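Accompanying notes for the structure given below.
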Number of protein chains: 2
Amino acid sequence: MVDRFFNPRSIAVIGSFREGYFGGYVMIRSLLKAGYAGSIFPVNPGYGEVHGIKVYPSLRDIPGATDVAVIMINARSVLPMITQCADRGIRCVVVVSDGFAERDAEGARLQDEMVLLARSLDVRIIGPNTAGVVNTANGLNPCPYEAGYYRIRQGVTAICAQSGMINPQAVTYPEMRFGVSKICDFGNKCDVDECDLLEYLAEDGETGVISLYLESIRNGRRFLESARKAATRKPVLVLKSGRTRDGAKASESHTGSLAVDDRIFDGVCSQAGILRLEQFRDIFEMPKIFAAQPLPSGNRVGILTVTGGVAVMAIDECARQGLSLARLGPGPADALESVFVGLGKNPVDIGPMMAALSNGFDLYPRMLNTLLEDENVDALFAVLWATPAGNVISRYVETYEDLKGRFRKPVVTWIYGPDAGAIAELGERLERCGFPVFDTPEKCIRALGLAYRYARIRVHGGGSGPVLIG
Amino acid sequence: MVDRFFNPRSIAVIGSFREGYFGGYVMIRSLLKAGYAGSIFPVNPGYGEVHGIKVYPSLRDIPGATDVAVIMINARSVLPMITQCADRGIRCVVVVSDGFAERDAEGARLQDEMVLLARSLDVRIIGPNTAGVVNTANGLNPCPYEAGYYRIRQGVTAICAQSGMINPQAVTYPEMRFGVSKICDFGNKCDVDECDLLEYLAEDGETGVISLYLESIRNGRRFLESARKAATRKPVLVLKSGRTRDGAKASESHTGSLAVDDRIFDGVCSQAGILRLEQFRDIFEMPKIFAAQPLPSGNRVGILTVTGGVAVMAIDECARQGLSLARLGPGPADALESVFVGLGKNPVDIGPMMAALSNGFDLYPRMLNTLLEDENVDALFAVLWATPAGNVISRYVETYEDLKGRFRKPVVTWIYGPDAGAIAELGERLERCGFPVFDTPEKCIRALGLAYRYARIRVHGGGSGPVLIG
C-alpha cells in the first residue's frame with residue numbers, strides 16, 4: 001500500500017490552480033518538470049486548464065483510475081473530499097492542507113475524525129500538514145512549493161521526516177553531492193508513519209540507507225520491531241528532536257504529536273540497532289558514508305594528513321566516537337619512514353615532506369596504499385589540500401580511482417585550502433567516484449563512527465535481542 | 001615588541017626565490033599583492049632580483065633599518081642567521097623553517113638552542129614551523145604558500161593558532177563573510193605564544209574579539225592572567241584540541257609541545273572567562289556573534305521561524321547552551337495572535353500564516369519588531385526562507401536594516417531554501433548590515449549561548465576572582 005504512494009500510475013491534484021508560489025499550480029509544474037510519466041488529473045470546479053492539462057470539475061469526472069490523490073483545500077473541506085476519494089476507488093491520499101492537530105484543539109478533533117473516516121473507508125493518509133513525497137526513480141515530485149528546480153539526483157538515500165524541512169522547497173538538493181531514492185514528509189502523521197516507511201524502505205530495492213527526522217514515535221513497540229528489521233537490511237539513521245522539556249513541548253504544537261522521553265528513545269535505538277544523529281545537517285550528510293563505502297571490520301583509524309593540527313582534532317573526535325588511532329604495523333611504518341623521516345607513525349603528517357621534497361606529491365599514492373594495506377588499519381581519514389594549480393585535482397582523483405574496490409575499508413576525506421572552487425571540484429569528483437567528502441574534519445570522523453557502529457550491529461545480528469552499540 | 005611583528009616598517013625575507021608554490025618567491029608576491037607599503041628586502045646570495053625587487057646577498061647588505069626578518073632556510077642554518085639578524089638590529093624574527101621540535105629529539109635540541117640564543121641576543125621569535133602572521137590593516141600578508149588570493153577583508157576578529165590551518169593558504173577567507181584584524185600562527189611557539197598575543201590583542205584597537213586554537217599552554221599561570229585580563233576587554237574564544245590521551249600524544253609530535261590535561265584547562269577557562277569552542281570551524285564562525293551584535297541581558301530566546309521542525313531542534317540546543325525559551329508577555333502574545341491564530345506563542349511559527357495569507361510577508365517586519373520589543377525576550381533566533389523570486393531578499397534586508405541599533409538584543413539568523421544563490425546573497429547582505437548568519441540552526445543557538453556566557457562574564461567582572469560561566 002505504501003508503495004502506491006511512491007509509484008502511482010496516476011495522481012489527482014485537488015486544490016487551487018491560481019498562479020503563485022504554493023499550491024496546485026506549482027505542484028503540476030513540478031510533476032511535469034520532474035518528468036513524472038503517469039497521468040495527472042487536476043481537480044477544481046473553477047478552472048479549465050492548468051499548464052496545458054485539463055482540469056476536472058470533480059473527482060467523479062476523472063476518466064481513468066487514480067492511485068493517489070493530493071489534497072490542498074481548506075481543512076474543513078478535506079473530510080468530504082476523502083469520502084469522494086474512496087468513492088472513486090482512491091485509497092492513497094496525501095493531505096497537504098494544514099489547520100489540524102498542529103493548530104489547536106479543534107484541529108486535533110478534526111484530525112481524529114479524519115483518521116476514523118479514512119479507516120472506515122480503507123483509505124491511507126500521508127499528512128496532514130505535509131509537503132508530500134518524492135520518488136527520484138519515476139519523476140514523482142509533487143512539491144506544492146516553488147523550489148526553482150525539479151529533478152533530484154537519483155541515489156540510495158531515503159529521507160523521511162516529521163517536517164517539510166527535507167522536501168525540495170527547503171533543501172538545496174542540486175548542490176548536495178549525493179543521490180536520493182525517496183523522500184517522505186509525514187507531516188502530522190495521523191496515519192502513515194515512520195513504521196510504515198521503515199517497513200517499506202527496508203524492502204525497497206532503490207534504497208540503501210534510511211535517514212529519519214522524528215519528533216515523536218507513534219507506537220514504540222512497533223517502531224522497535226520495524227527499525228530492528230530494517231537495520232538488519234540497511235543502516236537506519238535517526239535524528240530525534242524534542243529531546244529537552246521545552247523542545248518536546250514545542251514539538252507538540254508543531255505537529256500535534258506527543259514527544260517520547262529521550263532516555264527511553266535512546267534505549268529503543270540501542271535495542272533496534274538505530275544510529276542516532278546529532279545535528280540537522282546530519283540527516284543529509286551522514287548517509288553518504290553508507291552509500292558506496294564498505295563497512296570497517298574494526299575501529300582503528302589511519303590518518304593521512306597535510307596538516308598536523310587537524311589530525312589532533314580528528315583524534316579527539318575518534319575518542320568521542322568509539323574509534324581508536326591505529327598503531328601501524330612495523331612493515332608499513334618502516335616503508336613510510338623510509339620515504340621521509342617522521343612519516344612512520346599514525347597520524348601520518350605529510351606536510352613537512354610536501355614542503356621539503358619537490359616530488360612529494362608523486363609519493364602520495366604509495367603512502368595512501370601503504371596505509372590501507374596495513375592490517376592494523378580498519379578505516380582511513382584523508383586530509384587533502386586542494387589547489388587549482390598544477391593538475392593537483394586530477395592527480396588526487398586518479399589516486400582515489402585506483403583505490404576503488406581494492407580495499408574493504410572505508411575512506412573519508414576532508415578537503416581544505418584557499419580556493420573554494422578547487423575544494424568543490426575535488427569534492428564533487430571524489431564523490432562521483434564513491435568516496436564521501438565531508439566539510440569538516442569532525443564530520444569525517446563522525447561518519448566513520450557511524451560506519452563502525454553499524455558494522456557491529458550487523459556482526460552482532462540486529463535481528464534479535466538487544467544489540468550492542470559502541 | 002609583539003606589535004612590531006604586525007606593523008613592521010620593513011621586512012627582510014630570507015630564503016629561496018625559486019618560482020614555486022612555497023617559499024620566498026611566493027611570500028614577496030603575497031606581500032606586494034596584499035598592498036604592504038613597507039620596505040621589502042629579499043636576502044639570498046644566489047639571486048639578483050625577484051618580482052622586480054633587488055635581492056641582497058646578505059643581511060649586512062640591506063640599506064635601511066629592518067624591523068622583522070622572516071627565515072625560510074634549512075633548520076641547521078637558522079641559528080647563525082638569527083645571530084646575523086641581531087647584529088643587524090633585527091629583534092623580531094619569524095622562523096617558517098620546520099625540522100625542529102615537531103620532527104625529532106635532535107630538532108627539539110636545536111629548538112632549545114635557538115631559544116637560548118635568541119634570549120641572549122634579545123631577539124623574539126614566532127615559530128619555528130609557522131606560516132607566519134597577517135595584519136589586514138597594513139597589507140602585511142607574508143604568506144609563504146601560494147593561496148591564489150592576497151587580501152583579506154578587514155574586520156575585528158583576531159585569529160591565532162598553534163597551526164597553519166588559519167593562514168591564507170588553508171582558509172577560503174574570500175568566501176567567508178567576516179573581517180579579520182590579525183592572524184598569527186605560533187607554529188611550535190618556542191618563544192612568542194598565546195600569552196604574548198592575548199596581552200597584545202587585548203590592547204589592540206583593531207581587534208574586537210580573539211579566537212584561538214591551542215594544543216598546549218606554555219605557562220598556565222601566565223595564561224590565566226593574560227586571558228582574564230583580555231576577557232575583561234573583549235571576548236576570548238578558545239578551541240583546544242589534544243583533549244583525549246591519543247589526541248594529546250599526537251599534538252606533541254605535531255608541534256613538539258606538551259598538552260595540558262583537559263579538565264585542568266576547563267578550570268582555567270572558567271576562571272579566566274574564556275569561551276570554549278567545540279569544533280574546528282567555530283574558530284572562524286563563532287566570533288561573528290561578537291563583531292556587531294549587542295550582548296544579551298538574559299538567556300531568554302525568542303524564535304521566529306517559517307518551519308516548526310527547526311524550532312524544535314533549536315529549543316533542544318538552547319537547553320544545551322544554558323538558554324531558555326522566552327515566554328512572551330501578554331501584550332506581545334495578543335498582538336501576534338491577532339495577526340493569525342496560533343502565532344501568540346514562542347516559538348512563533350509563521351509557516352501556516354505565510355501559506356494562508358497572501359500578504360503574509362507584509363506582516364513579517366511587524367512580527368519581528370513585536371518579538372524584539374517584548375521585554376521577556378533577550379535574544380532572537382530568526383529562520384528565513386530565501387527565494388530569488390518576488391523581491392523577497394531585498395524585503396528581508398530592509399526589515400533588518402530597520403532593526404539596526406534599535407534593540408540591545410542580539411539577533412542570529414539561519415537561512416534555508418532550495419536556492420543556494422539566494423541563501424548566499426541574503427546571508428551576505430544581512431551580514432554586511434551587521435547581523436550574523438550561521439549555516440546551521442544549531443550554530444545560531446551556540447553563538448547566542450556564547451554571547452550570553454560572555455555577557456555574564458562581563459557582568460560578574462572577569463577581571464578578578466573566579467568567573468561564573470553559565
Side-chain angles (χ1 to χ4, degrees), chain A residues 21-22 98-99 102-104 146-149 161-165 168-172 175 213 215 241-244 246-247 250-251 253-255 279-281 307-313 315-316 318-319 324-325 341-342 345 347 349 352 355 387-389 416-420 423 440-442, chain B residues 21-22 98-99 102-104 146-149 161-165 168-172 175 213 215 241-244 246-247 250-251 253-255 279-281 307-313 315-316 318-319 324-325 341-342 345 347 349 352 355 387-389 416-420 423 440-442:
Chain A
Y21 299 112
F22 173 76
D98 61 4
E102 86 289 354
R103 175 76 51 83
D104 51 18
E146 178 54 56
Y149 68 92
Q162 196 170 345
S163 164
M165 286 304 306
Q169 82 284 350
V171 184
T172 57
E175 273 73 30
Y213 166 70
E215 291 180 4
S241 72
R243 300 177 77 154
T244 57
D246 275 343
S251 158
S253 62
H254 172 220
T255 57
Q279 297 179 0
F280 175 60
R281 282 174 61 142
T307 161
V310 166
V312 180
M313 291 180 234
I315 293 165
D316 282 348
C318 280
S324 74
L325 187 65
V341 63
K345 59 180 187 299
D349 179 357
T387 165
Y416 77 108
D419 188 284
I423 293 171
T440 72
E442 292 92 348
Chain B
Y21 299 111
F22 174 76
D98 62 4
E102 87 287 356
R103 175 76 53 83
D104 51 18
E146 178 54 57
Y149 69 92
Q162 196 169 345
S163 163
M165 286 305 304
Q169 83 285 349
V171 183
T172 57
E175 274 74 28
Y213 167 69
E215 291 179 5
S241 73
R243 299 177 77 153
T244 59
D246 275 344
S251 157
S253 62
H254 173 220
T255 57
Q279 296 179 2
F280 174 60
R281 282 174 61 142
T307 162
V310 167
V312 180
M313 290 181 234
I315 294 165
D316 282 348
C318 280
S324 74
L325 188 65
V341 63
K345 60 180 188 297
D349 180 358
T387 165
Y416 77 107
D419 188 284
I423 294 171
T440 72
E442 292 93 347

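Note on naming: letters A, B, ... go to the chains in the order of the sequence lines (proteins, then strands), and numbering restarts at 1 for each one. Please read all numbers here as calculations on a predicted model, not as lab measurements.
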Per-residue contact mode, [X] against chain B (heavy atom under 4.5 angstrom):
X	value
Ala389(A)	both
Pro441(A)	side chain
Asp419(A)	backbone
Glu175(A)	side chain

Original post:
With respect to chain A, which residue among Val341(B), Asp104(B), Ile423(B) yields the maximal number of heavy-atom pairs within a distance under 4.5 Å?
Top reply: Val341(B)
**OP:** Give the member of Ala420(B), Ala319(B), Gly417(B), Pro388(B) that has the highest number of heavy-atom pairs under 4.5 Å with chain A.
**Re:**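 Most heavy-atom pairs under 4.5 Å with chain A: Gly417(B).
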Does the [X] side chain pair with the main chain of [Y], one donor and one acceptor, at a distance under 3.5 Å?
X	Y	result
Tyr149(B)	Pro168(B)	yes
Tyr213(B)	Met165(B)	no
Gln169(B)	Gly164(B)	yes

Original post:
If you count heavy-atom pairs under 4.5 Å between each of Ala170(A), Gly342(A), Ala147(A) and chain B, which one has the most?
Top reply: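 Ranked by contacts with chain B, first place is Ala170(A).
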**OP:** Count the heavy-atom pairs under 4.5 Å between each of Thr387(A), Leu325(A), Val171(A) and chain B, then report the option with the highest count.
**Re:** Val171(A)
Original post:
Tell me, do Val310(A) and Tyr416(A) make a side-chain contact under 4.5 Å, heavy atoms counted?
Top reply: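 Side-chain contact under 4.5 Å: no.
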Original post:
Can you name the nearest heavy-atom pair linking Glu215(B) to Ser241(B), along with the distance?
Top reply: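 Heavy-atom minimum between the residues: CG-OG, 3.5 Å.
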Subject >> Inter-residue atom distance Asp316(A).CG - Gln279(B).CD, 0.5 Å rounding >> reply: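 One finds 12.0 Å between CG of Asp316(A) and CD of Gln279(B).
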